[in-house]
Protein chains: 2
Amino acid sequence: MACQQANTRMATVNAVTLMKRIDSIHQWRFSVPSGPGAKLTDVAALARVSVGTVSNVLNRPDQVSFDKRSRVLAAIDELGFVRNESARSLRSGSTRSLGMLVLDVRNPFFTDVAMGAENVAEDHKHSLILANSAEDAGREQAYLDLFEQQRVQGVLITPYGQVLQRLERMRDRGIPSVLVDRLASTDQFCSVSVDDVAGGATALEHLVSVGSVRPAFVGGPFTLQQVEDRYRGAADAAARAGVPLQLFETPDLKFERGRQVGDLMGNLQPDKRPDAVFAANDQLALGLLQSFAANGLRVPEDIAIVGFDDIDFASQSSIPLTSISQPRQLIGERAAQLLFDEIDDEPGHVHSQVVFTPELVARQSTRRR
Amino acid sequence: MACQQANTRMATVNAVTLMKRIDSIHQWRFSVPSGPGAKLTDVAALARVSVGTVSNVLNRPDQVSFDKRSRVLAAIDELGFVRNESARSLRSGSTRSLGMLVLDVRNPFFTDVAMGAENVAEDHKHSLILANSAEDAGREQAYLDLFEQQRVQGVLITPYGQVLQRLERMRDRGIPSVLVDRLASTDQFCSVSVDDVAGGATALEHLVSVGSVRPAFVGGPFTLQQVEDRYRGAADAAARAGVPLQLFETPDLKFERGRQVGDLMGNLQPDKRPDAVFAANDQLALGLLQSFAANGLRVPEDIAIVGFDDIDFASQSSIPLTSISQPRQLIGERAAQLLFDEIDDEPGHVHSQVVFTPELVARQSTRRR
DNA sequence: GTTCATGGATGAATCGATTCAATACAAATT
DNA sequence: AATTTGTATTGAATCGATTCATCCATGAAC
C-alpha cells in the first residue's frame, strides 16, 4: 500500500523531471536560456546515459567509452550545464579550496606570498580563498569560522591573535594549517618563515662594510617578533664589528614614522648624527629617505640607508634603496606545498619548519662613499 | 515485498545514525574530539529537539523559545558543531558569496577597490572571493567558471578579454555582474568607473597653470581605454589652452618604461625637452622621477611631473608626486552596492553607470617654479 | 464549551552531485 | 563450450543542511 504510493510518486517525479528537460531544451532552442540551469540528470537524460556515466565523464573521463563521452559532452554543451560545486563537495566530502589569511592584503609582501601559494594550489586544482584579517583578532576569528564552514582543505595563516589552540583543534578535525612568515613555536605545525636575525646581521654588516661607524636601527614595536629579531641580529653584528648601534624605537612601521624619525635625525649635530640607518622595513626606510631629501641630507654620502623586505618601490625610489630581500613568492609556494603534504597525509608526515635566509640587495642608498 | 525491504533498510539506517551519535558524544566526553565533526542531527539529538528547531536557531533564532534555543546553543557549543556551508547552500539555493575578478592583485588600486567591496559585502553577511585574472584571458575564463560552479550571488569584474556575452548569459541564469573601472558600453550592466577624460584634462590644466608651455604625455598602449581617455582629455585641454602636447607612447605602463622614457628625455636639448610630463599612471611617473634624479634633472624646476592613480607611493617618493586620485575604496563600495541592488532584485532595477570624477592632489613634483 | 487564532515545534522530503555494489557484455583463457 | 577476467555502465543510496506542510498547545473570542 504505502509501497504502491511510493512508486506512484516516483513516477510522478520522473515525469516532472522529463518535462523540465524538454522544457529547457525548448527554451534553449527557441529563446534565451534562463532560470535555474540544467542539472546533471538533465544532461544524463539528453545524452541517454545514466547519471553515473555523466559523473564519470566529469571526474574520470578516461573510464568512459568514446561514444558516450562525446554524447555527454555534447549534452553538457547544449544545455550549458555547470556543475554545482556545493553538491559536489557535500557528497564527496572534499572541497577543492584552501583558505589563506593574511595580516594586510594591501601589503605587497602578502600579495606576493599569496600568488606563490595560488600557483601551487592551481597545480593541485585547488582554488585559494584569500582573506584579510587586517590585524584584527575579531576578523581573524570570523574568517577562520568561515573557512571551517566552507570546509576548506587547509589554511595558510599569518596569525595575529591567539589562534594556535584553535588551529590545533581544526587540525584534529581534519583542517590542517601552515604558519606563514612565523616560526612555529611548537612542533604542532609546519611553518615557513625567514631568518630575521640573520637578515638583521646581514644588513648591519653591510653598513659597516661600506664604512659606517655610527649606525642606527629604526623600528618598533619590539613586541613584533620580526622587529625584535631584526634588531637582535643587527645588535649582535654591531657588537662583533666593534661599533655601537643607536636605537630609534617607533610605535609602528609606517612611512609616516620614518619621516618623523628622519626629521629628528636631521636636527642632530652632524657629528652626533648616525652615518647609516638600518630600517626595520622598507616603508620606514622610504620615510627616512623622503625626510633626508627634504632636509638636504645626501644619501648615501651623508647617511646611508638599508631597508627590509625589498618591496617593488625600494628599487623604484629616486635613490634606489638597498634592502634585505625575502623570497616572497617562494615562501608562498613552499607553504602551500607543505600544506598539501599534510592534506594528502603521506602518513609519515612530520611537521617541518622551513626557514629561508633573506638576501641583501645592494643599491645606491648604501653605495660606498 | 520490496516495500518491506525498504522499511527494513530504513530502520537499519536509523540505528546506524544513532550509534554514530552516541559514539561522537562519547569521544567528546572522554577524549580529544576528532574525525568528522558533529552534524546538525547530532545537535538536535543532544538538545532533545527536532532538526527543524536547530535550523531555526541557526537562521531565525527569534522564532524559537528561550528554553529550546539555549539548549540548542549549549549543544552546539558542547559538540563544537560547525554548519556545513555546502549543505546549506545546496538546499537553500543561495551561497553567501560574491566573486571579484581583478586584473592584478598586486596593484594597490585593485586591493583598495576590493577592500571597499568587501566592507559592503560584509554588511550583507556575504564574503568576497577575490581572484586575479592577471591580464590573462584564459585565467579570466577559468575564474568565471569557478564562480559559476560555486554559484556566487554576483560578480564584480574588471574585464580583460571578451567576456561581455558570457556575463550576459550568466546574468540571465541568475548571476548578475557589475563592471568595475570600466564604463559599460551597453546598458546591459551596471558599471562603476572614473572619468578618465576629465582626469586627463585636470592633469594637463594643472601643468599649464604651474607654467608649463611644452607639456608631454607619456603612456600606452592606446588600446587600453584608460590610456586613450586620459590622453584625449589632456590633448583637448592642451588645445584649449593653446599649447602643444608632445606624445611619448609606451608599450605598457610599468616603472621600467618610465625610466627608459626619462632617459630619452634627459638626452634631449634643454629647449626641446618637455618642461612637464603627464604620465598615464604613477608607476610610469616614478620611473621618470628616478631617471631624472639620476640624470641630474631637477623636479619640478627643470621638469614637472603629474601621475595618475595616487597610489601610496606617489606621496612617499623622495619628491612627493602630484597625481590624479581616484576614490578607490568608494568605487568598490558603490560597485558592491549596485550588485546587491540587482541581486535583491528590487524589481524595477535599472542598470546604472556610476562615473566618479577623479581629483588632483598637488604635491611637490609640480610646485610652481 | 466550542471554535479560532497563533506562535512553536516537528520531521519527511528535498537540493544536485558522487559513490559503489551490482550488472552487462566482450574478450581472453581453459 | 564453459569459465574467467576485465571494462563499461547503471541507479539507488547518500552527503548535511533547509523547507514547509502539519501538528500541538495555549489562550482569546464567542
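Lettering follows sequence order; numbering is per chain, from 1.
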Are a donor atom and an acceptor atom from the side chains of A:Ser92 and A:Ser89 found within less than 3.5 Å of each other?
no
Give a yes/no answer on whether the side chain of A:Asn56 brings an N or O atom under 4.0 Å of OP1 or OP2 in D:dA8.
no
Select from A:Asp67 and A:Val51 the residue whose nearest nucleotide in DNA chain D is closer to the 5' end of that strand.
A:Asp67
Going by heavy atoms in the side chains, are B:Ile76 and B:Leu58 under 4.5 Å from each other?
yes
Answer yes or no: does a side-chain N or O of B:Ser65 lie under 4.0 Å from OP1 or OP2 of C:dA9?
yes
Residue-phosphate contact under 4.0 Å: B:Arg83 side-chain N/O, D:dT18 OP1/OP2:
yes
Measure CZ/A:Arg71 against P/D:dA8 and give the value in whole Å, please.
15 Å
Here the distance between atom C1' of D:dG16 and atom CZ of A:Arg151, to the nearest Å, is 9 Å
DNA chain C nearest-nucleotide lookup for B:Arg48 and A:Ser86: closer to the 5′ end is B:Arg48
Please determine if B:Glu148 and A:Arg83 form a salt bridge, counting it only when a charged side-chain N lies under 4.0 Å from a carboxylate O.
no
Does A:Arg60 have a side-chain nitrogen or oxygen under 4.0 Å from the phosphate oxygens OP1 or OP2 of C:dT19?
yes
Take the protein atom CG of A:Leu90 and the nucleotide atom C1' of D:dA13, then report the distance between them rounded to whole Å.
13 Å
Would you say a side-chain N or O of A:Ser92 is under 4.0 Å from OP1 or OP2 of C:dT18?
no
Ion pair present between A:Arg173 and A:Glu168, side-chain N to carboxylate O less than 4.0 angstrom?
no
A:Lys68 atom NZ is separated from D:dA8 atom P, nearest whole Å, by 11 Å
Any donor-acceptor pair under 3.5 Å linking the side-chain atoms of A:Arg88 with those of A:Asn59?
no
Is it true that A:Asp145 and A:Arg166 make a salt bridge, defined as a side-chain N closer than 4.0 Å to a carboxylate O?
yes
Could you tell me how far apart B:Gln63 (CD) and D:dC20 (P) are, to the nearest whole angstrom?
13 Å
Name the nucleic acid region contacted by B:Phe81, choosing base, sugar-phosphate or nothing; use a 4.0 angstrom heavy-atom cut-off, strictly under.
sugar-phosphate
Measure NZ/A:Lys39 against C1'/C:dC15 and give the value in whole Å, please.
8 Å
Base D:dT18 to side chain B:Arg88, donor-acceptor N/O within 3.5 Å cut-off:
no
Sugar-phosphate only, base, or nothing, as touched by B:Gly52 at under 4.0 Å among non-hydrogen atoms:
base
Categorize B:Arg69 for me: base, sugar-phosphate, or nothing, with a 4.0 angstrom heavy-atom threshold over every strand shown.
nothing
Under 4.0 Å between a side-chain N/O of A:Ser50 and OP1 or OP2 of D:dT9, yes or no?
no
For B:Val54, report the nucleic acid contact type (base, sugar-phosphate, nothing); a contact means any heavy atom under 4.0 Å.
nothing
May I have the distance from A:Leu40 (atom CG) to D:dT9 (atom P), rounded to whole angstrom?
15 Å
Gap between atoms CZ and C1', on A:Arg91 and C:dG16 respectively (whole Å)
12 Å
